[in-house]
Amino acid sequence: MVSRGLQTIAGIWRSRRIPLAWLLLTRQPMRLAVALAGIAFAGILMFMQLGFRDGLFEASVTVHKLFDADVVLLSPRTTSSIGMASFPRRRLVQTLADPDVIGISPVNWNLLLWRNPEARTTRSILTLGFEPDDPIFLDPSISSQARLLQNRGWVLFDERSRPEFGPVAAWLKQGRTVETEVSGERIRVAGLVSLGPSFGADGNMITSRETYQRLMPSSPPGSIELGLIRLRPGADPDAAVARLKRLLPGDVRVVTKAGFEELEKTYWRTSTAIGFIFTLGAGMGFVVGCVIVYQILYSDVSDHLPEYATLMAMGYRLPSLLGVVAREGLLLAVLGYLPAYVAGQGLYALVRSGTRLPVVMDPQRALLVFTMILVMCLGSAGLAMRRLGDADPAEIF
Amino acid sequence: MRSPTAIDKPTGGAAIAVRDLSHWYGRGDARRQVLQDVELSIDPGEVVLLTGPSGCGKTTLLTLVGALRQVQAGSVQLFGSELLGAGRRERQQLRRRIGMIFQGHNLLRCLTAEQNVQMGADLLADLGYRARRDQAREWLRAVGLGDHLGKLPHDLSGGQKQRVAIARALAARPELLLADEPTAALDSRSGREVVDLLRRLAREQGCAVLMVTHDPRILDVADRLLRMEDGRLFDQDPEAR
Ligand SMILES: Nc1ncnc2c1ncn2[C@@H]1O[C@H](COP(=O)(O)OP(=O)(O)OP(=O)(O)O)[C@@H](O)[C@H]1O
Ligand SMILES: [Mg+2]
């Protein structure tokens, strides 16, 4: 088997010809540079637009991902993280009847008004209230600071919140006591956590349910916005969701943690034009790239028409000449994609540090952009090939 | 790589046998006859020169014999295959057995001399890459360009380019060579050299040659001299020039 394979490869290697497509491209460096710049530009545009799109959707669930939970309870009226409706806490307690449920934690969740301690302006901040003894976070650095929250009026502030909330982190690191107002109540920042801004919230803070009650006196004490449920290790979350749905009345909604995240992403995807806008942007990049590559390949074929005709007169078949143009397209795609990929990586790093959005080069998107560039180059090559039909070997004498 | 129709049939062994060939350009009122009842036969190894005033139809005859143009009326037998009514693919297959040398050199600008010649050798499907490359080098040496293998056409003189074109045509091991004023762009000395070379190499290969020329200084290389006037072909006594 192996030796036959090697023989085939050796045969192909033996019967190879002058790499005409490669030479056509590389012996015209200016034209090649323009083509590659165009393709790379289109690729970068696609990487950026799709990266932003996915990054924004991913950012919408930064907080969701923090919770140590397998199943969550929500109000059926809840639409997203900026529209969290409340439900009775006793529904959460009822789930303890299920044999797989080993732990529950009630969480309050709302947008409150934060006053910038320096500029005195106010801004919406996402506030989570939980029982400081409950291990609701996966991140141990949060859990370790949770006992500070047993002091009434103390909060943990997200140091990755946007700067409009004031220089809270800087002050705290200088050892200053940071106090400000939330919803008109005095609070004190007891520590810093690292979460990151999301779609709906430019900043986050975490506090105890008791402090939360003081900041939100209108919310009844027995109601919560989110119920976290931890299952016995090895239990199937989907099966648990199905059982809990049967157990509980219709005034709560039971979803897995993944379902909770999906709900949020779906909200932003369907209720905003974000997906459309960025997909459109990527499409623009694609179209621009197509135009550039087509122009380049078309003029390349036109310039070499007498030479193609000569090859036809020598006895080369039209399909083998079409193959030369196709290979030019393929080479352009590969050569143009590489700089786009590298630049994309660099720009993602820039975006991450500039906007704190979780934009990363994921393999699926890398493949998608490569496929788009491939379609772009081969499609353009296919259109440019029509020009070859004008090569008449009878006209070259 | 021969098409089924390209099998040699015993047509007196001639490389080309043309009978009653007529050709017209244009349609309707603009239709004009450029070839009239042309008769022509060339044997392997024979060198035939064709002269005649401009516009009399020499190039047209060459493109018809070279399977570059569809034959309209009459018969053209190329290595025993009939070209009248032959399809695109059939003609393309036959062209592999013909070497063509053009007035302009028509080299590929982005290929070196060696690579240009190998484009000819690459048509020989049964040879490995190295063998084809070695052949290309050998042909370039044969035309006296052994020191210019890696040069682009841009860096070669007119005569050198035409010699590369000859090497390219011969590298495909043709049975017939068609040349249309190969010396037109050359000064008289390099023109003479190129023609002598062409004849010598063609003789060695047993390859038939049909060459169109206006150059009176090279007529002596011909085994036979033909003259064309207004689309009609006449034998010309070589001594009468
Ligand atoms: N593709 C074409 N369409 C219409 N008429 C053509 C075409 N090619 C050539 N002709 C005409 O046919 C006649 C013969 O042309 P041809 O090129 O065969 O002449 P020639 O003998 O090669 O001339 P020259 O010595 O100038 O190269 C000329 O009158 C020319 O104008
Ligand atoms: Mg002519």
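Below, all heavy atoms of this structure are taken into account, side chains as well, without hydrogens, waters or symmetry copies. Quick note on labels: first sequence line is chain A, next is B, and so on, each numbered from 1. A quick note: this is a predicted structure, and the numbers were derived from the prediction, not measured.
Residues in residues 160-169 of chain B take part in no salt bridge (Lys or Arg N to Asp or Glu O under 4.0 Å) pair, two or more places apart or across chains.
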Check residues 371-380 of chain A and write down every donor-acceptor pair under 3.5 Å in which the side-chain atom is one partner and the other belongs to a residue at least two apart or another chain.
from, atom 1, to, atom 2, distance (Å)
Thr371(A), OG1, Leu367(A), O, 2.7
Ser380(A), OG, Cys290(A), O, 3.3
Ser380(A), OG, Met376(A), O, 2.7

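When the candidates Leu23(A), Thr26(A), Asp392(A) are compared by the number of heavy-atom contacts under 4.5 Å with chain B, Leu23(A) comes out ahead. Counting heavy-atom pairs under 4.5 Å between each of Thr59(B), Asn106(B), Val212(B), Leu108(B) and chain A puts Leu108(B) at the top. Comparing Ser15(A), Pro306(A), Gly11(A) by how many heavy-atom pairs each has under 4.5 Å with chain B, the most go to Ser15(A). Residue with the most contacts toward chain A among Arg88(B), Gln118(B), Arg130(B): Gln118(B) (heavy-atom pairs, distance under 4.5 Å).
The pair Arg227(B)-Glu229(B) counts as a salt bridge, with a side-chain nitrogen and a carboxylate oxygen less than 4.0 angstrom apart. Ion pairing between a basic and an acidic side chain is recognised when a charged N comes within 4.0 Å of a carboxylate O; Lys265(A) and Glu58(A) show such pairing. Under the 4.0 Å criterion applied to side-chain N and carboxylate O atoms, Arg95(B) and Glu90(B) are not assigned as salt-bridge partners. Asp303(A) has a carboxylate O that lies under 4.0 Å from a charged side-chain N of Arg31(A), or vice versa, which qualifies the two as a salt bridge.
Taking the six-membered ring where the residue is Trp, Tyr25(B) and His23(B) present perpendicular rings, their angle passing 60° and hence far from 30°. Using cut-offs of 30° and 60° on the angle between ring planes, the pair Tyr337(A) and Phe47(A) is tilted.
Residue Tyr316(A) touches chain B through both its backbone and its side chain, counting heavy-atom pairs closer than 4.5 Å. Contacts between Arg27(A) and chain B at a heavy-atom distance below 4.5 Å involve the side chain alone, from C-beta outward. Contact annotation for Arg133(B): neither backbone nor side-chain heavy atoms come within less than 4.5 Å of a heavy atom of chain A.
Of all residues in residues 62-72 of chain B, those placing a non-hydrogen atom less than 4.5 angstrom from a non-hydrogen atom of chain A are Leu62(B), Thr63(B), Leu68(B), Arg69(B).
Evaluation of the side chain to side chain contact (heavy atoms under 4.5 Å, CB included) rule for Leu347(A) yields Ile44(A), Met48(A), Leu350(A) as partners, not counting sequence neighbours.
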